[in-house]
Structures are given as structure tokens and as C-alpha cells.
Amino acid sequence: MNKAAFFAPLIRGAIIAKTGAPWIVAVSQTASGQKAGLRIDAGEAASPDEKTLADIFTKAFSSEKKIPAQISVKSGGEEYCFLSAPDFAGIEKIRQGAQGVSIAAQAEGWDIKDERPGRADVVKNRITLVTGGAQGFGEELTRGLIASGAIVFIADLNLAGAEKLAQTLNAEYKKTVAFPAGVNVSDEASVKAMIENIALTAGGLDLCVSNAGVLRAASILEQDIESFKFVTEVNYTAFAVVSKHCALLMKSQHAAAPAWTTDIIQINSKSGLDGSNKNGSYAGSKFGGIGLVQSFAKELVEYGIKVNAICPGNFFDGPLWSDPVKGLFVQYLNTGKVPGAKTVAEVKAFYEAKVPMNRGCTGPDVLRAALYLVEQVYETGQALPVTGGQVMLS
Ligand SMILES: NC(=O)c1ccc[n+]([C@@H]2O[C@H](COP(=O)([O-])OP(=O)(O)OC[C@H]3O[C@@H](n4cnc5c(N)ncnc54)[C@H](O)[C@@H]3O)[C@@H](O)[C@H]2O)c1
């Protein structure tokens, strides 16, 4: 493993433990240890263990009155340099400083403020990953989390889409609020590389929204098994892969910040709570996802990681349903799935009528559930329906 990526979450954890705030720690390619406000000797061991390092870093920050903007770590004869700031604007200031612009914080470090978040600020400055973040629910959640103050890594198979969205949001907010990340969640090497990049860029992770998912609706009498396996791979197995690598990063951070809780939230479905006719591969993968959520929740609670699922109802206004060419409304109209329906609007009205609240689920509905799950520190392993009353727990 990249040693800087190994140190970063432990440094970030030690700063979180000291400040109570979700700090940013970025590896520095250019800074030298001479400018560092804090130099830490991590010992000579070639592969020091997490617990020993957590203690070394925690002790190093204990007597600091401010959080130094530049930190250097000596280990095994090498030196690793990191930049630290309460947000990415601060990191950018230090980088400018390194290029000759005089920045007070660079010499003095950052003041420690006790700013416990209110309800509206539960994700403020939190480092967040949204898989499948380039469109649909993922895009809605990315936008909503950023509007609530989070930093989001938009991870998607569609890298161009993630880049475009990140660019739009960074321009809209006039600061760094989003990073694009190309990833195939069902490829472990790809997920591992993405998580390492998050460690080097931001120092850790507070919230993973495992949202990427696919649907191939078909009768079990007709569906080819490859298509069944594809759905299982992305919706079920890839959730385990993403959870594994996020949890490893969160666990490191936890070693130095034992009171800090982090979250893995799976975007599941109402079809994870109630079977779906001629859509068994999807419903089965989502039911399985809840089994993983409950199991991971029991295991990872030891590291302060909560694991929960959100089970949204149908997102009728998203591309899956409303795409004018390949959306489900058009498909259902063309295949005559809704008896008597002659237009897309009639197909939509048929599905809306199945919901007691008579409308589809929206991005803000799901965002509200996600913020609740982050705020609620006394719950884990739950599957939270957001279905307008269509599916109720028993
Ligand atoms: N749309 C709905 O009605 C609905 C309802 C309930 C739950 N959900 C769930 O919400 C989640 C998002 O659904 P959506 O409708 O917004 O989907 P969508 O098809 O609109 O978007 C999914 C995104 O995931 C990305 N993606 C797909 N496979 C990937 C992979 N292997 N690696 C990385 N990225 C990948 C796609 O490129 C796309 O950007 C899914 O888990 C889905 O099951 C959707």
C-alpha cells in the first residue's frame, strides 16, 4: 500500500479527535518537511502497525495550540509531507503559499474552534463518496449533500458524466466541493485505487453512499442467467466490495479518532423489502443487500462505522423511468404492460396511483433520509423505507 495513503487517515483521525471537526488532510507532492509546523517521527519500523501510529499521531497533536498547516512524517528513513486545513479552500491557500503568496495560516496553523454541527449541518465539510453519482438518484444526492456542506467524490463508470457534474458544481459554488472519480464498483482493483486516491486527496472518509445500481427486468422463465448475474454483481457483490474498502479507510481513521462515527449507506429499494413481479434478479439482489447491511453493521460497529440502507420508492422523474427513448414508461407503453394506457402520462398515472401519497420518490426525499441516518448515532443495520407509504415494515 502507498505509505502516504496509510498515514493520511491516521493523521486526519488524530486531528478530528483533537478538534471534533471533519478536517482535510492532503498529501503534498511539493512541500518539504522544513516548512512543516509539526514534524512527527513515526519510528524506523518498515511497516508500523495502525494502533502504534495512532498513538504517535495523537500524542503529537496533544500539545499543539493550533493545527499546523503543514505536517511532515518521518518513517523508515523517508519523509512524507501533508497539508492540513478545515476545508479545501484552506488547502488551496496553502498551495498558493507554497508558490510564494504569503499566507498567515501557513506559518501559524489553524485555530481550533469548537463548532458542533446543528441539525442542518450534519454533513458539513464531511468527506463523502457517492457511487453512481453522475446521474439519477446519485446526482440528486451529490447535489443535495453539497448544498448541505459536504465534499463529494462523484464516483461513476461514466467518468465524463462525473467530471462534467463536478466541474459544474465547483463553478457554481466557486470553490472545491466535488471531485470526479472513474470507477467500476464491481472491479475490486478499481475500487481499491479510488479509495487510495481519496486518502491521498482528503485524508479519509466520513460517509459512503453506495448508490450505483442496475436493473434488468425479466421473467424468471425467460431471463438469461448472464443478465441475472450482471444485476447480482453490481447491486449485491459490488456493495460488499465498496463497503470493504471504505470500511478499511474508515477503520484507520477510527484508530486515531475513536469517538468519531462514520456511515455507509446503501441505496437499496422498496424491492429489497417486497418482491417485484418479473424483476427477480433486481429484488433478490436488493434483499441480499439488506442481509449484508445487517451483517456489516454488526461487525463494523466496533470501528464506529454505522451501516444502514435506504429503500426508496420509484423515482419516476429520474432517467430510469422518464428517459424519452429507453425509460421504463416508454418501454411499458410499447409493450402494453399497463392495460388501456395510450400515452406515457397514462402509464405514469397508473404507477403513481399505487403510492398512497400519489407521487414518485424524489432526490430530496432520499437526501432527508440520508441526513437522518448520519445524524442518528444510536442506530445501525436498519433499512429505512422512503416510499410514500407504498411499502410498510412489519
Ligand atoms: N430509479 C428508481 O426508481 C429507483 C428506485 C429505488 C431504488 N433505486 C436505486 O437507486 C440507485 C440509483 O438508481 P438510478 O435510478 O438513479 O440509476 P441510474 O441508472 O439513473 O444511474 C445509475 C448510475 O450508476 C452508474 N453505474 C452503473 N454501474 C456502475 C458500476 N459498475 N460502477 C460505477 N458506476 C456504475 C451509472 O453510470 C449511472 O450514472 C440504484 O441502486 C437503484 O437500484 C432506484
Side-chain angles (χ1 to χ4, degrees), residues 129-144 153-166 180-195 208-217 229-242 245 265-274 276 279 281-290 292-293 309-323 325-329 331-332 348 351-352 354-355 359-363 365-367 369-370 383-388 390-391:
L129 166 69
V130 179
T131 70
Q135 70 163 50
F137 269 146
E139 176 179 353
E140 295 268 324
L141 285 165
T142 294
R143 288 180 179 276
F153 285 81
I154 306 170
D156 207 294
L157 203 51
N158 172 7
L159 176 60
E163 282 173 341
K164 190 163 168 232
L165 182 58
V183 72
N184 177 358
V185 289
S186 44
D187 171 358
E188 183 167 13
S190 166
V191 172
K192 192 166 178 246
M194 169 185 71
I195 295 295
C208 160
V209 182
S210 178
N211 163 81
V214 292
L215 182 147
R216 294 262 172 98
K229 281 183 180 168
F230 170 72
V231 174
T232 309
E233 181 103 357
V234 179
N235 293 356
Y236 176 76
T237 312
F239 169 57
V241 173
V242 168
H245 289 281
I265 297 178
Q266 190 205 26
I267 303 302
N268 197 284
S269 171
K270 71 177 173 54
S271 303
L273 299 170
D274 193 14
S276 183
N279 198 12
S281 57
Y282 182 75
S285 68
K286 293 292 187 180
F287 266 72
I290 291 175
L292 297 180
V293 163
I310 295 173
C311 300
N314 294 324
F315 179 25
F316 293 140
D317 295 330
L320 178 77
W321 285 83
S322 284
D323 185 284
V325 181
K326 51 183 184 137
L328 293 176
F329 288 136
Q331 286 184 42
Y332 292 167
K348 188 175 182 196
Y351 281 95
E352 281 173 342
K354 291 174 183 272
V355 185
R359 68 167 176 85
C361 186
T362 65
D365 295 327
V366 180
L367 175 72
L384 182 60
V386 183
T387 66
Q390 194 175 1
V391 172

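As the structure is a prediction and not an experimental result, all values here were calculated from the model. Note that ligands are numbered from 1 as they come in the structure, with each ligand's atoms numbered from 1 the same way.
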Just need the protein heavy atom nearest to atom 42 (C) of ligand 1, so name the residue and atom and give the distance. Y282 OH, 3.5 Å
Starting from atom 34 (N) of ligand 1, what is the nearest protein heavy atom, named by residue and atom, and what distance separates them? L157 N, 3.2 Å
Can you tell if the side chain of L292 reaches within under 4.5 Å of the side chain of F239, non-hydrogen atoms only? yes
Nearest protein heavy atom with distance in Å, relative to atom 14 (P) of ligand 1: F137 N, 4.2 Å
With respect to V185, determine whether any N or O atom, backbone or side chain, lies less than 3.5 Å from an N or O atom of ligand 1. yes
Less than 4.5 Å apart, side chain to side chain, heavy atoms only: is that true for R143 and L165? yes
Would you find a donor on one side and an acceptor on the other, under 3.5 Å apart, between the side chain of N158 and the backbone of G161? yes
re atom 5 (C) of ligand 1, the protein heavy-atom contact at minimum distance is G313 O, 3.3 Å
Test salt bridge (charged side-chain N to carboxylate O under 4.0 Å, His left out) applied to D365 and R359, step by step: CA-CA 12 Å; D365 295 327; R359 68 167 176 85; 2.8 Å; yes
Any idea which atoms of ligand 1 are less than 4.0 Å away from a heavy-atom of G213? 40 (C), 41 (O)
With I267, which of T131, V130, I310 fulfils side-chain contact (heavy atoms from CB on, under 4.5 Å)? I310
Where ligand 1 meets F315 - atom numbers and elements under 4.0 angstrom, heavy-atom basis: 1 (N), 2 (C), 3 (O)
Taking both backbone and side-chain atoms of S269, is any N or O found less than 3.5 Å from an N or O belonging to ligand 1? no
Could you check whether the rings of F315 and F137 sit parallel, tilted or perpendicular, using 30° and 60° as the cut-offs? parallel
Ligand-side contact atoms (ligand 1) for residue partner G136, heavy atom cut-off under 4.0 Å: 16 (O), 20 (O)
Suppose I only count heavy atoms of P319 and a 4.0 Å limit; which atoms of ligand 1 are within that range? 20 (O)
L320 versus ligand 1: do any nitrogen or oxygen atoms come within less than 3.5 Å of each other? no
With respect to S285, which candidate in N268, N235, T237 satisfies the side-chain hydrogen bond (donor to acceptor under 3.5 Å, both in side chains) definition? N235
If we only count N/O pairs under 3.5 Å, is K270 in contact with ligand 1? no
Report yes if the side chains of L320 and L328 come closer than 4.5 Å at any heavy-atom pair, otherwise no. yes
Determine yes or no for a side-chain-to-main-chain donor-acceptor pair under 3.5 angstrom, with Q331 supplying the side chain and K326 the backbone. yes
Residue and atom name of the nearest protein heavy atom (relative to atom 25 (C) of ligand 1), distance in Å to one decimal: D156 OD1, 3.3 Å
For residues 181-189, which side-chain N or O atoms pair as donor and acceptor with protein atoms under 3.5 Å away, sequence neighbours left out?
unit_1	atom_1	unit_2	atom_2	d
N184	OD1	S186	N	3.1
N184	OD1	S186	OG	2.9
D187	OD1	A189	N	3.1
E188	OE2	K244	NZ	2.7
E188	OE2	H245	NE2	2.7

Among L159, L215, V183, closest by any non-hydrogen atom to atom 33 (C) of ligand 1: V183
for atom 24 (O) of ligand 1, nearest protein heavy atom and its distance come out as G132 CA, 3.3 Å
Answer with yes or no whether K286 contacts ligand 1, where contact means a heavy atom under 4.0 Å from a ligand atom. yes
Check whether any side-chain heavy atom of L141 lies under 4.5 Å from a side-chain heavy atom of V366, and answer yes or no. yes
Which residue holds the protein heavy atom closest to atom 9 (C) of ligand 1, what is that atom called, and what is the gap in Å? N268 O, 3.7 Å
Go through ligand 1 atom by atom and flag the ones less than 4.0 Å from a non-hydrogen atom of N314. 3 (O)
By the definition side-chain contact (heavy atoms from CB on, under 4.5 Å), identify the one residue from C311, S269, P312 that meets it with C361. P312
For ligand 1, indicate whether the residue F316 contacts it via side chain, backbone, both or neither (heavy-atom separation under 4.0 Å). neither
State whether the number of non-hydrogen atoms from other residues, nucleotides or ligands found under 6.0 Å of F287 atom CZ is greater than 12. yes
In the protein, which heavy atom is nearest to atom 20 (O) of ligand 1, and how far is it? Q135 NE2, 2.7 Å
Could you name the option among I154, N211, I267 that has the heavy atom nearest to atom 40 (C) of ligand 1? N211
